[in-house]
Amino acid sequence: MTDSRFATRFNPGQADSRWQQAWDEARCFEADSTSAKPKSFILEMFPYPSGRIHIGHVRNYTMGDVLARYHKMRGREVLHPMGWDAFGMPAENAAMEKGVHPAGWTYDNIATMKRQLKQLGFALDWSREIATCDPTYYGHEQALFLALYEAGLVYRRESAVNWDPVDMTVLANEQVVDGRGWRSGALVEKRKLNQWFLKITQFADDLLEGLGTLDGWPQKVRTMQENWIGKSQGLQFRFDLSDGGTMEVYSTRPDTIFGASFVAVAADHPIAQGVAEGNPEAQAFIEKCREGGTTAAELETAEKLGFDTGITAKHPFTGADLPVFIANFVLMDYGTGAVMAVPGHDQRDFEFATKYGLPIIRVIAANPGDAEVPLREAETGDGVLVHSDFLDGMTVEEAKAAIIARAEEGSWGEGKTVWRLRDWGVSRQRYWGTPIPFIHCDACGVVPVPAYQLPVTLPEDVDFSIPGNPLERHPTWKQVDCPKCGAAARRETDTLDTFVNSSWYFLRFASQPGDKAFDKAEVAQWMPVQQYIGGIEHAILHLLYARFWTRALAHVGLLDVKEPFASLFTQGMVTHETYSRKEGPREVFFSPAEIDRSGEGAKLKADGQPVEIGKVIKMSKSKKNVVDPEDIIAQYGADAVRWFMLSDSPPERDLPWSEAGIEGCGRFVQRLWRLFGQLDESADGEDKALARRTHQTIAAVAEDIEALAFNKAVARIYELTGATEKAAPSADRNAAIRALLVLVSPMMPHLAEEGWEALGQSGLIAEAAWPEVDPALLVEDEVTIAVQVKGKLRDTLTAPKGASKETLEAMALASEKVQRAIDGAEIRKVIVVPDRLVNIVA
RNA sequence: GCGGGCGUGGCGGAAUGGUAGACGCCGGGGACUUAAAAUCCCCUGAGCCUUGCUCGUGCGGGUUCGAGUCCCGCCGCCCGCACCA
């Protein structure tokens, strides 16, 4: 024994807090922006301070922590910060329900969660901690907002908005899911309000193109953003109508114009509205369209319905009078809310035409000879134009270009790019958010708050006894003098969407001067974020907004980077089986702590009777299948919990929590501790095989961590541990033990520090270097060769590395098992893969 | 409907076209102990005529000396989007 301390078990209850304190005192993890070392910015999505840390946070931050500690060991200057996405509805809900102040509630939660994060020993630079609800944060945000306003990227207009009647606020399009508020779940209403907007559409093309450069992002997320931005190119043109008016339509398939057999408008289209006046039948139809649900099932089964307005539209080439329908499948908020319908080559139009007996004309055919083949369904594929006058014989692409050119010549239409992406409405009628820094003056209009008056801080004396915006009804807060003319004016009472807060927080982490949001040169030291880790649920909202803000800030000259996150990793959820019992009509759930899972099935501890074991699903309070991180840290120690988070499941997949699993991790912590205690300074002599294994493991674990394949790194550490335990004492075994100590230090930092100290090493292992690998030891000198006969394994043999093909073939043929398998048959061919296998084809 | 991903032991999962099931969990057997905990050792895909053989990575084909891996066609599950003209 090197140290009597190894005689007792490793005690996380004492060691964890001791080393956490040591790191704090040594300020190990404070990032130095002026360091000459290469820099790494490792970032996990910052949490909303909802109350307590949940297991998903633990998994997320453990992954980032391993990376951060690893990069530090590899000699990089690492920025690994933490903060709080602290504005938002739950704080106001708490204020309404419990009568507490949102600020008090939020800061209490921050204190709790910070304490919990500290218990996990994360290598975080707490000196850069930020809370977005702090005026020193949101004041700078107001300045940035004004800078974007100056550059014309912020505007205000009256618009129909998504109004959440439960939260009593406006939601962005991105926050409406299946017609319901993403948070409240309430059916969203349309309202007209004066709203502040950010001009994200100005960057639509750039945001789309930028996706192509994001090699470090999951393809899935890139595709989701691409679909959300939704670029399409086509022709917008006008029909002359029989009632003397004109109507704009948009089509991405102008090449099929000779196949148009009717025109359709949305129920909310002005033409539909016009027809409905004095026509009860039309009015009734429009009402019916509005009733239609928006859920997946409803849309899939929704029948195509139309109402003939009696108006006709003149075809620009044939002069034919096309009937104008109000149709339930046309959307008002895409394109112009009106379409030319080509039943032959659009499935919706086909269904509609079939139902209402309208002509179905083929204008595209796979081959010119197929022009008269009848259409059984809409054909949307490629081909050549037929029945299309001057377009006949052209390809789809050629025809599109020809029609757009013709329309532009004749001034009845123009080529146009349409986006699904809309400008981002950021006004929220809430208290707990960043006040929008504007003043409304009767004489001067909308006036930006001058820089010297920033930050515009939230009043503290607010009343949550009734719903609505407390800022709006505050007795004095909004009364202010106009900065321009000095007359009595009114402060803007809307606050910014909380997604604005999270759109630039990484910049504030990188640089936090007192007089401005960030310093451009200092930010350049750290950005872009080398590795960003978070949940897939932010694939569109947060990640698109952050990409937009970074571009917008670059556009106004405040930044030099366009893409904030070089690599993105979306981690899986932590899941757990559920326990329940049917009690009458309802299902009652029990928490894992209430369950005895030791024998067959599961029993409720309280009454010893069985409960039903349900599916393994994401941990959620309603299903009670949650484990509290603080409880398990208290029971097993931070290192066991961290190790569990990294073991078994690949990090992008779901991780099923299990009691047996965490116990196994706890055992492994002790097993390593015992092994560290076996370091024997008096031992000498070589163990070449173990030395090889050690160096191979060092190299492989490094590779795995860099690839975020933590589960594989864990498996390799288990293997080296097993091999080292079995090896006889030697200098190489001591080296293996020391290597293991360092290899596990990013994952189990407390155990590693404790072992490092007990073995008499100086300083902190957190500051130590990653072990060097001897390349000579990475290659084996003997290899195992698989010997196959007709592709089936018959024998294995050991050969010197690099043995010649002839040698290997001879060795294989000498094998008795091989000879028996060949059974005297003629050998037709022998395939030799050096250092790997011999395959004899007989 | 469109797009993406995934199907491997009892479970989580390994496997640059080259020995399928590494590693962990569960389970079984044993050692130590008065006993327990802790620890250690062995076994653990299925089957059989058990020095060994056969089968086996959702199903059916194909390419190849050789396929979990590549190609074609199905089936199932998961995720995202969705009447986007």
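Residue numbers start from 1 in every chain, and the chains themselves are labelled A, B, ... in the order their sequence lines are given, proteins ahead of strands. Excluded from the calculations below are hydrogen atoms, water molecules and symmetry mates; all remaining heavy atoms, backbone and side chain alike, are included. Quick caveat: nothing in here was measured; it's all calculated off a predicted structure.
- Here the P atom of nucleotide B:rU54 and the NZ atom of A:Lys817 are 13 Å apart, to the nearest Å.
- Identified under the side-chain hydrogen bond (donor to acceptor under 3.5 Å, both in side chains) test for residues 702-718 of chain A, with sequence neighbours left out: A:Tyr70-A:Glu706, A:Trp643-A:Tyr718, A:Asp704-A:Arg716.
- Under a 3.5 Å cut-off, the side chain of A:Asp349 and the backbone N or O of A:Val342 do form a donor-acceptor pair.
- For the residue pair A:Gln225 / A:Arg547, a side-chain donor-acceptor distance below 3.5 Å is found, with atom types taken as modelled.
- Rounded to a whole angstrom, the distance from the C1' atom of B:rG18 to that of B:rG4 is 31 Å.
- Using atom P as the reference point in both B:rU8 and B:rG3, the two lie 25 Å apart (nearest Å).
- For A:Lys790 and B:rC65, the shortest distance from a side-chain N or O to OP1 or OP2 is not below 4.0 Å.
- The separation of B:rU51 from B:rG58, taken at their C1' atoms, amounts to 37 Å, rounded to a whole angstrom.
- Going from the P atom of B:rA85 to that of B:rC79 covers 26 Å, rounded to whole Å.
- Under a 4.0 Å N-O distance rule, the pair A:Glu725/A:Arg671 qualifies as a salt bridge.
- No hydrogens or angles considered: nothing links the side chains of A:Asn625 and A:Thr578 as a donor-acceptor pair under 3.5 Å.
- To the nearest angstrom, P of B:rG21 lies 20 Å from OH of A:Tyr718.
- For the C1' atoms, the distance from B:rG66 to B:rC74 is 26 Å, rounded to whole Å.
- Within the nucleic acid shown, A:Arg653 comes within 4.0 Å of sugar-phosphate atoms alone, with no base atom in reach, counting heavy atoms only.
- B:rC84 atom P lies 17 Å from atom NE2 of A:His269, rounded to whole Å.
- B:rG9 adopts a syn glycosidic conformation, its chi angle falling within 90° of 0.
- A gap of 45 Å separates the C1' atoms of B:rA37 and B:rC53, to the nearest Å.
- Between the side chains of A:Thr575 and A:Asp654, no donor-acceptor pair of N or O atoms lies under 3.5 Å.
- A donor-acceptor pair shorter than 3.5 Å can be found between the side chains of A:Tyr579 and A:Glu577.
- Each of B:rC83, B:rG13, B:rC84 was ranked by its minimum atom distance to the side chain of A:Lys304; first place goes to B:rC83.
- Here A:Val787 lies out of heavy-atom contact (under 4.0 Å) with every strand.
- The side chain of A:Arg420 sits closest to B:rA82 out of B:rC83, B:rA82, B:rC41.
- Comparing B:rC83, B:rA85, B:rG13 against the side chain of A:Phe329 picks out B:rC83 as the nearest.
- The side chain of A:Arg9 approaches B:rA38 more closely than any other nucleotide in the set B:rG24, B:rA38, B:rA85.
- Residue A:Leu541 contributes atom CG, which lies 13 Å from atom C1' of B:rG80 at whole-angstrom precision.
- Taking every side-chain heavy atom of A:Ala715 into account, B:rA22 is the closest of B:rA22, B:rG3, B:rC84.
- For the pair A:Lys801 and A:Glu780, the salt-bridge criterion is not met [side-chain N within less than 4.0 Å of a carboxylate O].
- With C1' as the reference atom, B:rC75 and B:rC11 are 24 Å apart, rounded to whole Å.
- The CD-P distance, from A:Glu719 to B:rC23, rounds to 5 Å in whole Å.
- Taking the six-membered ring wherever Trp is involved, the centroid distance between the rings of A:Phe352 and A:Phe329 falls below 6.0 Å.
- Counting non-hydrogen atoms under 4.0 angstrom, A:Tyr250 reaches a base of the nucleic acid.
- Nearest-nucleotide assignment on RNA chain B puts the 5′-proximal partner with A:Gly664, out of A:Met332 and A:Gly664.
- Candidate nucleotides B:rA85, B:rG80, B:rG24 were compared by shortest atom distance to the side chain of A:Asp648, and B:rG24 ranks first.
- Aromatic pair A:Phe644/A:Trp657: centroids less than 6.0 angstrom apart.
- Side-chain N/O atoms of A:Gln219 and A:Thr223 include a donor and acceptor closer than 3.5 Å.
- One C1' atom belongs to B:rA38, the other to B:rU33, and the distance between them is 11 Å to the nearest Å.
- Contacts of A:Asp349 with the nucleic acid, taken as non-hydrogen atoms under 4.0 Å apart, are absent.
- At whole-Å resolution of the value, CD1 in A:Ile540 and P in B:rG3 are 17 Å apart.
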field: Under the 3.5 Å Watson-Crick or G-U criterion, the dot-bracket string of RNA chain B, with | for inter-strand pairs
entry: (((((((..(((.....[....))).(((((.......))))).((((...))))..(((((..]....))))))))))))....

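- A:Glu659 places its CD atom 21 Å from the P atom of B:rC11, with the value rounded to the nearest Å.
- Here B:rC77 presents its C1' atom at 16 Å from CD1 of A:Ile617, a figure rounded to the nearest Å.
- When the side-chain nitrogen and oxygen atoms of A:Lys712 are compared with OP1 and OP2 of B:rA15, one or more of them lie within a distance under 4.0 Å.
- Residues A:Ser804 and A:Thr807 have side chains that bring a donor and an acceptor to within less than 3.5 angstrom of each other.
- Heavy atoms of A:Arg794 sit under 4.0 angstrom from primed sugar atoms or phosphate atoms, though from no base atom.
- Side-chain nitrogen and oxygen atoms of A:Asn711 include at least one within less than 4.0 Å of the OP1 or OP2 phosphate oxygen of B:rA14.
- Residue A:Arg667 is classed as a sugar-phosphate contact, given heavy-atom separations below 4.0 Å to backbone atoms only.
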Can you give me the N/O atom pairs linking the protein to nucleotides 17-20 of chain B at distances under 3.5 Å, or say none if there are none?
| unit_1 | atom_1 | unit_2 | atom_2 | d |
| --- | --- | --- | --- | --- |
| B:rG18 | N2 | A:Gln788 | OE1 | 3.3 |

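- Heavy-atom nearest nucleotides on RNA chain B were determined for A:Trp419 and for A:Lys792, and the one closer to the 5' end corresponds to A:Lys792.
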